[in-house]
Amino acid sequence: MKIVTRFAPSPTGALHVGAARTAIFNWLFSVSLGGDFLLRIEDTDRARSEERFERQIIESLEWLGLKWQGEIVRQSERLDAYGQLAEQLIDEQKAYRCYVTAEELGRRREEAKKRGEVFRYRREWSQLGAAPGKPYAVRLSVSSGEKIHVEDLVRGGIVFDSSEIEDFVILKADGFPTYNFAAAVDDARMEISHVIRGDDHIINAPRQILIAEALGFGKPKLAHVPMILGADGKKLSKRHGAESVTEYRLRGYFPEAVLNYLVRLGWSFGDQEIFTTEELVEKFSLKGIGKSASVFDSQKFLWLNGKYLRDMPEERISEGAIPLIVQRGFPEPSPERLRKIVAQMRERSETLNGIVDQSLYFFTNDFEYDEKAAQKFLVEQNGEIFKLLAEELHGIEDFSHDNIHGGFERVMERTGLGLGKIAQPSRVALTGSTKSPGIFDVVEILGRDAVASRLARAIDFIKSRNA
RNA sequence: GGCCCCAUCGUCUAGGGGUUUAGGACGCAGCCCUCUCAAGGCUGAAACACGGGUUCGAAUCCCGUUGGGGCUACCA
């Protein structure tokens, strides 16, 4: 059997990490088995679907490197097909027109709830309010008292009682299919062999099976993967903060890291934490998927991204950093200088944005002193050190790490102080804070002029403060 | 409420009857390295939800309880 999977997002928002993981699982499954991975846009909710979301989802998929085969299928472009199939079911008496409005139904549901009853649509209401030309929905006739067996590749067999399922709508009054109908029809039409989707769809499985059976279509194999929960244990959603792939891209995460983190949420391969994409393709299988929901841990995600950051070819980091630097209003540094900054900062950051945000003092002399740091280190006796240091560094011909080290050594000799006593105040004078790469590296990257002016600035600062 | 799913450290997970003093990872704590911060290395604290079975033996199998989650739309 040819393996065909699909990712079927509805364009009602950015690509959510939960949806992204579903896409990743489908993609990995098909790629690892030499099958096809298709993309279908489920834009049957006219009110909520927007084209910009579709574009955003596609962009995220491309960014993650999830390539699909063939044309994108849009359900909104296939209205005729769903309509026809619905008509066919009506002709075969497997479905019928329902004239009861959604509002009326809502009212009845309310009432039933008040009485503590479970509301289920009854066929006898179908002619309620029927009139020529009046809009209607199409409902599937569901006979009660039957067992519907769902074979799930992750969970095993699940049995539903058809009595629990009302005659649900397959075609809305606006002529659009409902999710269940469109999905069942398209999965068959696109010859999807395996449907891998979130746990929250388990409940839809029997309905889609009913539709496929009514239509005489084959049924794809099903695999329901556990959901991703927020830190509060609830279904991950907008209120959990950064939850879209776009968001993480903008925060300076790498696509490989996003892929790696997401795939490990709910799937595992022994003890392994880090996977290249090639390894994932090689090692992925449905067997590794767990059954319980997982909590999205942004700290581990950050750590993983940092891991990738430390391993990544330098050029790629530099390339990614340039726009961020420019975006913050600084001129683009020379490649050599950027290379040095990146080499230092990649050890101290987790994301691309982190690198840039933590190295602002490399790009401007006009930075603020950290208040506590200034309090402690920009004091009278250190002013003398800055003067000596300025002298020693000024005389250095070749402004390299080793020669700078020598300059510091001479200051140490002249003052009788240890390196720490000199480096730390200098760090504050040069970077405004007590945290930075090694002081010789900082000095080298800054260059003679910036170092001189910053030391002078610190000396002035001390003076003005004492005045 | 009804239906469905799930249950190993705080979190992601390994383990699927004896190999287990339950392993790894994030996070946390300590130590080492060290000019600070990181990175890196080492060490530590930290879990089989509970109750019944089955079995010579159960984290592993079964049942129940409890807890959590999902769905309950002319949303997907």
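Numbered from 1 within each chain, the chains take letters A, B, ... in sequence-line order. A quick note: this is a predicted structure, and the numbers were derived from the prediction, not measured.
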Going by salt bridge (charged side-chain N to carboxylate O under 4.0 Å, His left out), name the pairs with one or both residues in [range], residues two or more places apart or in two chains.
range	value
residues 7-25 of chain A	none
residues 144-154 of chain A	A:K147-A:D161
residues 304-313 of chain A	A:R310-A:E350
residues 282-292 of chain A	A:E279-A:K283

- Message: I need a per-nucleotide contact map over nucleotides 60-76 of chain B, read 5' to 3'. Cutoff is protein heavy atoms under 4.0 Å; write B for the base, S for backbone only, - otherwise.
- Response: ---------SBS-SBBB
- Message: Counting only heavy atoms and a strict 4.0 angstrom limit, can you tell me which residues of residues 143-158 of chain A come near RNA chain B?
- Response: A:R155, A:I158
Tabulate atom names and distances for all N/O pairs under 3.5 angstrom spanning the protein and nucleotides 37-41 of chain B.
from  : atom 1 : to     : atom 2 : distance (Å)
B:C37 : O2     : A:R348 : NH1    : 3.1
B:C37 : N3     : A:R348 : NH1    : 2.6
B:A38 : O2'    : A:E347 : O      : 2.4
B:A39 : O4'    : A:E347 : O      : 3.2
B:A39 : O2'    : A:E347 : OE1    : 2.9
B:G40 : OP1    : A:K307 : NZ     : 3.2

- Please identify each residue that fulfils salt bridge (charged side-chain N to carboxylate O under 4.0 Å, His left out) with A:R316, with sequence neighbours left out.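 Listed in chain order: A:E256.
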- Message: Under the rule for side-chain contact (heavy atoms from CB on, under 4.5 Å), what residues qualify as partners of A:E409, not counting sequence neighbours?
- Response: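 Residues passing side-chain contact (heavy atoms from CB on, under 4.5 Å) with A:E409: A:H405, A:M412.
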- Task: Could you pull out all residues at least two apart from A:F119 that satisfy ring-ring contact (aromatic ring centres under 6.0 Å, His included)?
- Result: A:W125
- Note on the structure: Contacts of A:H401 meeting ring-ring contact (aromatic ring centres under 6.0 Å, His included) (sequence neighbours excluded), chain-then-number -> A:F440
- Note on the structure: side-chain hydrogen bond (donor to acceptor under 3.5 Å, both in side chains) filter on A:H201, not counting sequence neighbours, yields A:Y179, A:N204
